[in-house]
Amino acid sequence: MYDSKVSAYWNGRVDSEINEESFRLHQVVTQKKIDELEHNAADLVLMGFVCEEGVRRNQGRLGAAEGPNALRKGLASLPKNDQHIQNIVDVGNIVCEGQKLEQAQQQLGDAVQQALKTNAKCIVLGGGHETLYGHYLGVRAAYGQDAKIGLVNIDAHFDLRSYDEQPSSGTMFKQILDEDANTSYFVCGIQRYGNTRELFNRADKLGVTYLYEDEMTLADVSVEFDRFANECDIVLLTLCTDVIESAHAPGVSAPSPFGLHPKMVRSIIQLVTQHEKTTSFNICEVNPALDSEGITVKLGAYLTNEAMIGITRGK
């Protein structure tokens, strides 16, 4: 289901109505329906994926469906301090009805395709990490079968589980790699205690590039990402917020005691989004229902803002 009505979330403090140096994001983000987008009219298109069916199927803690609108609220009052932040349009939410995950993912793919076809960059606010599969469908449809898509994931988990019974928030990358030989996968932040040996073996068999949470440095990420991006035509970046140390991000579906520091995640987002081949980003697994003090939502909004700045600079 498509719901374009998100204007209620874009409000907040107003320091000036005429001095742009005092503006906050809610003063510059406009709202349109997805079919109202025009070519070259937006630099950046935002959309939400209100869904946690994949998390439910993966036996995770529910609440991520509240993420998109909570992130909008978190973004709304952030200062517009970067000159590249211009022409941002929010087209609303794709909403998963009941257990119709696959249908919702296809609807998200259609929306992402429409946004990218207007020559805009795209950011998707999840939702469970099943958001990634719908996001990928849109990128593939927008750029065609001949484009080599590089999937960059900041995550504690591979999400390469079997989908023999049904897809979930833990199966997306295996689905994509099985179905699409013209994709490759690079994941930063893998935790030794968060993945079984079977999953490590599967990652090796599928040719996945991965860096361990307890070993990697930003220099390692930079070297591997440069090599990875050189072999791709298009880069899609996804952030699963359960990669972040749980002291800084308790409100996620699967918290990580041995997670990455937010500053490392911030640096990776800056690195990847500013690359000329990066066309889109999504943030997933922010769970307001488990975020009693709102620190995870606030952190998620800050990291999304970093992606907005980076991806528009890249454009």
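Sequential numbering from 1 along the given sequence is applied to the chain's residues.
Taking CE of M308 as the start and CG of L78 as the end, the distance is 8.5 Å to the nearest 0.5 Å. For the atom pair CZ (F281) and OG1 (T304), the distance works out to 5.0 Å, reported to the nearest 0.5 Å. Distance check: T171 OG1 to F173 CZ gives 10.5 Å after rounding to the nearest 0.5 Å. Summarising the geometry, atom CG belonging to L290 is positioned 7.0 Å from atom OG belonging to S253; distances are rounded to the nearest 0.5 Å. Once rounded to the nearest 0.5 Å, the distance linking CD of E285 with CD1 of I283 reads 10.5 Å. Q31 contributes atom CD, which lies 13.0 Å from atom NZ of K5 (distance to the nearest 0.5 angstrom).
Hydrophobic clustering (ILVMFWY, side-chain heavy atoms < 4.5 Å, transitive): I154 and Y133 are in distinct clusters. Criterion: ILVMFWY side-chain heavy atoms under 4.5 Å apart, direct or through other members. Under it, L108 and I149 are part of a common hydrophobic cluster. No path of Ile, Leu, Val, Met, Phe, Trp and Tyr side chains, each step under 4.5 Å between heavy atoms, connects I234 with L237, placing them in separate hydrophobic clusters. In terms of hydrophobic clustering, with Ile, Leu, Val, Met, Phe, Trp and Tyr side chains grouped at heavy-atom distances under 4.5 Å, F228 and L132 are assigned to different clusters. Side-chain heavy atoms closer than 4.5 Å link hydrophobic residues (I, L, V, M, F, W, Y) into clusters, and following such links, even through other members, never connects L125 to L137.
Taking a 6.0 Å sphere around CZ of R13, one finds it holds 12 or fewer heavy atoms contributed by other residues, nucleotides or ligands. For Y212, the OH atom is densely surrounded, since the number of other residues' heavy atoms within 6.0 Å is greater than 12. Within a 6.0 Å radius of CZ in R24, more than 12 heavy atoms belonging to other residues, nucleotides or ligands are found. Other residues, nucleotides and ligands contribute at most 12 non-hydrogen atoms within 6.0 Å of the CZ atom of R266.
Judged purely by distance below 3.5 Å, without hydrogens or angles, the side chains of E213 and Q191 never pair a donor atom with an acceptor atom. Side-chain atoms of D90 and Y9 form no donor-acceptor pair, as typed in the model, at a separation below 3.5 Å.
Listed for the D220 side chain is a donor-acceptor partner under 3.5 Å among the backbone atoms of T217. A donor-acceptor pair under 3.5 Å is formed between the side chain of N195 and the backbone N or O of A156. Proximity of a side-chain donor or acceptor of Q106 to a complementary backbone N or O of Q103 within less than 3.5 Å is not detected. Put simply, the side chain of Q145 never gets that close to the backbone of N182: no donor and acceptor are under 3.5 Å apart. Remark: side-chain polar atoms of K80 are not paired, donor with acceptor, to backbone N or O of V28 under 3.5 angstrom. Checked by atom type and distance alone, the side chain of N19 pairs as donor or acceptor with a backbone atom of E21 at under 3.5 Å. In this structure a side-chain-to-backbone donor-acceptor pair under 3.5 Å is missing from T118 to N40. Side-chain N or O atoms of N93 include none that pairs as donor or acceptor with a backbone N or O of V6 at under 3.5 Å. Between the S169 side chain and the G54 main chain, a donor and an acceptor come within less than 3.5 Å of each other. Using a distance-only test at 3.5 Å, with no hydrogens or angles considered, a donor-acceptor pair links the side chain of T278 to the main chain of V272.
Between L260 and the choices E245, M216, H248, the side chain to side chain contact (heavy atoms under 4.5 Å, CB included) rule is met once, by M216. Under the side chain to side chain contact (heavy atoms under 4.5 Å, CB included) test applied with R56, the options E53, Q59, E52 reduce to a single match, E53.
Counting only residues at least two apart or on different chains, the ring pair (Phe, Tyr, Trp, His ring centres under 6.0 Å) pairs with a member in residues 138-169 are F158-F200, F158-Y210.
Inter-residue side-chain proximity for S222 and D226 is flagged as met; some heavy-atom pair is nearer than 4.5 Å.
Judged as a ring-ring contact (aromatic ring centres under 6.0 Å, His included), and not counting sequence neighbours, the contacts of F225 are H275. In this view, H26 satisfies the ring-ring contact (aromatic ring centres under 6.0 Å, His included) rule with no residue, not counting sequence neighbours. Residues satisfying the side-chain contact (heavy atoms from CB on, under 4.5 Å) criterion with A41, sequence neighbours excluded, are E38. Remark: T30 pairs with V89 by the side-chain contact (heavy atoms from CB on, under 4.5 Å) rule, at least two apart or across chains.
The pair R192-E215 meets the salt-bridge criterion, with a side-chain N (NZ, NE, NH1 or NH2) lying under 4.0 Å from an Asp/Glu carboxylate O. Using a cut-off of 4.0 Å between Lys/Arg side-chain N and Asp/Glu carboxylate O, R57 and E102 are scored as salt-bridged. A salt bridge links R202 and E198; the closest N-O separation between the charged side-chain nitrogens and carboxylate oxygens is under 4.0 Å.
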**Asked** Can S280 and N282 be said to form a side-chain contact (heavy atoms from CB on, under 4.5 Å), step by step?
**Response** CA-CA 7 Å; S280 54; N282 69 60; over 6 Å; no

**side chain to side chain donor-acceptor pair (under 3.5 Å) between Q114 and D110, worked out** = CA-CA 6 Å; Q114 285 182 267; D110 293 342; over 6 Å; no

**Asked** Which is it for N69 and R72 under the side chain to side chain donor-acceptor pair (under 3.5 Å) test, yes or no, and what are the steps along the way?
**Response** CA-CA 5 Å; N69 292 335; R72 287 184 172 98; 2.9 Å; yes

**Request:** Go through T238 and H135 one step at a time and tell me if the side chain to side chain donor-acceptor pair (under 3.5 Å) criterion holds.
**Result:** CA-CA 9 Å; T238 176; H135 184 175; over 6 Å; no

**Request:** Step by step, work out the side-chain contact (heavy atoms from CB on, under 4.5 Å) result for I244 and L303.
**Result:** CA-CA 11 Å; I244 301 169; L303 294 174; 3.8 Å; yes

**Request:** Evaluate the side-chain contact (heavy atoms from CB on, under 4.5 Å) criterion for residues L236 and T279: first the C-alpha distance (whole Å), next the side-chain angles of each, then the deciding distance (0.1 Å), finally the verdict.
**Result:** CA-CA 6 Å; L236 181 166; T279 64; 5.8 Å; no

**Request:** Could you walk me through whether D15 and S22 pass side chain to side chain donor-acceptor pair (under 3.5 Å), step by step?
**Result:** CA-CA 6 Å; D15 294 322; S22 297; 5.7 Å; no

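Clustering of Ile, Leu, Val, Met, Phe, Trp and Tyr side chains at separations under 4.5 Å places V95 together with M1, V50.
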